[in-house]
Amino acid sequence: MPEHLPRCFYRRDPVTVARTLLGQKLVHIVHGQRIGGIIVETEAYLGIADKAAHSYGGRRSPRNATMWCDGGYCYVYFTYGMHHCANVVAGRPGEPVAVLLRALEPVEGIDTMQTLRGRRQDLCAGPARLCQALAVDRSLDGIDLVTSDHLFIERQRRQVYPPSKIVAAARVGVDYAGTWARQPLRFYLVGNPHVSRR
DNA sequence: AGAGTGATCATG
DNA sequence: ATGATCACTCTC
């Protein structure tokens with residue numbers, strides 16, 4: 001039986017959360033219908049020291065306030081005037097670290113995803129694409145994935161993927177972050193066709 | 001490779 | 001108030 005990932009899953013360092021999130025299922029229930037997919041690509045953002053993170057240097061604002069919440073909260077931001085991206089907050093309260101969800105393998109509500117995306121392919125291969133496919137926007141910012149009944153992550157596989165099944169690479173779109181841009185903080189499943197930037 | 005798009009935030 | 005930026009996507 002599927003169950004929500006518990007608080008302790010999220011209250012760990014963001015790299016561990018990013019790696020163990022691979023293979024779990026993100027679900028959004030809209031108008032009683034389940035829309036969801038298996039997480040196949042993530043990126044870890046390491047907080048105050050991480051030049052690529054929204055919380056770099058201790059920055060705290062209405063936009064990124066959720067990053068300071070307890071592990072398990074959902075941080076959704078709006079960017080480029082048209083795109084939403086969804087993160088899972090990791091660590092403990094006051095520790096602004098998070099994991100960006102970059103790609104899913106579509107599993108439930110695929111027809112609805114196609115309608116929301118206006119496409120048949122590439123439904124969830126990219127952080128803004130998956131938000132569009134799952135109808136995730138800023139109204140879901142600050143939701144607790146551990147206790148919510150309409151946005152959560154279901155434990156799909158009990159055992160974690162071994163390092164040999166996970167590629168660690170540089171994060172996407174953070175070239176401005178200097179040395180931090182080079183860190184291998186992007187994780188995806190080896191050979192998975194639903195990963196972004198194939 | 002370039003355009004689109006507007007909230008957000010650091011300046012002042 | 002103003003201007004630069006942006007954890008992206010689509011189309012060419």
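Order of the sequence lines fixes the chain letters, A, B, ..., with proteins taken first and strands second; residue numbering starts at 1 for each chain.
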Would you mind writing out the side-chain donor-acceptor pairs for residues 183-191 of chain A within the sub-3.5 Å range, not counting sequence neighbours?
unit_1	atom_1	unit_2	atom_2	d
A:Arg186	NE	A:Glu41	OE2	2.8
A:Arg186	NH2	A:Glu41	OE2	2.9
A:Arg186	NH2	A:Ser196	O	3.2

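- Paired regions of DNA chain C, where each region holds three or more successive Watson-Crick or G-U pairs whose two hydrogen-bonding distances fall under 3.5 Å, are B:1-4 with C:8-11, B:6-11 with C:1-6.
- Residue contacts for A:Arg138: at a heavy-atom cut-off of 4.0 Å it reaches the sugar-phosphate backbone alone, with no base atom in range.
- Heavy-atom nearest nucleotides on DNA chain B were determined for A:Gly81 and for A:Pro62, and the one closer to the 5' end corresponds to A:Gly81.
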Open item on the list: Please encode protein proximity along nucleotides 7-12 of chain C as a string of B, S and -, counting only heavy-atom distances under 4.0 Å.
Closed with: BBSSS-
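- Listed by residue number, there are no residues of residues 11-20 of chain A with a heavy-atom contact under 4.0 Å to DNA chain C.
- Residues passing the ring pair (Phe, Tyr, Trp, His ring centres under 6.0 Å) test with A:His4 are A:Phe152, sequence neighbours excluded.
- With sequence neighbours excluded, the residues forming a salt bridge (charged side-chain N to carboxylate O under 4.0 Å, His left out) with A:Arg138 are A:Asp141, listed by chain and number.
- For A:Glu108, the salt bridge (charged side-chain N to carboxylate O under 4.0 Å, His left out) partners two or more places apart in sequence, or in a different chain, are A:Lys25, A:Arg34.
- Applying the ring pair (Phe, Tyr, Trp, His ring centres under 6.0 Å) test to pairs two or more places apart or on separate chains, none has a residue in residues 90-113 of chain A.
- Here the closest non-hydrogen pair linking A:Arg182 and A:Ala170 is O-CB, 4.2 Å.
- Residues A:Ala125 and A:Ala103 approach most closely at CA-CB, 4.2 Å, considering heavy atoms.
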For residues 72-87 of chain A, dump all side-chain donor-acceptor pairs below 3.5 Å to protein atoms at least two apart in sequence or in another chain.
unit_1	atom_1	unit_2	atom_2	d
A:Tyr75	OH	A:His54	ND1	2.7
A:Asn87	ND2	A:Tyr75	O	3.3

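- Atom C1' of nucleotide B:dA10 and atom OH of A:Tyr56 are separated by 15 Å, given to the nearest angstrom.
- Residues that satisfy the side-chain contact (heavy atoms from CB on, under 4.5 Å) test with A:Pro6, not counting sequence neighbours, are A:Cys8, A:Phe9, A:Arg155.
- Residue pairs meeting the ring pair (Phe, Tyr, Trp, His ring centres under 6.0 Å) criterion with at least one member in residues 23-45 of chain A: none, sequence neighbours excluded.
- A side-chain hydrogen bond (donor to acceptor under 3.5 Å, both in side chains) check over residues 162-181 of chain A, counting only residues at least two apart or in different chains, returns the pairs A:Asp50-A:Arg171.
- Whole-Å rounding puts the A:His84 NE2 to B:dG6 P distance at 12 Å.
- Rounded to an integer number of Å, the gap from CG of A:Asn64 to P of B:dA7 is 18 Å.
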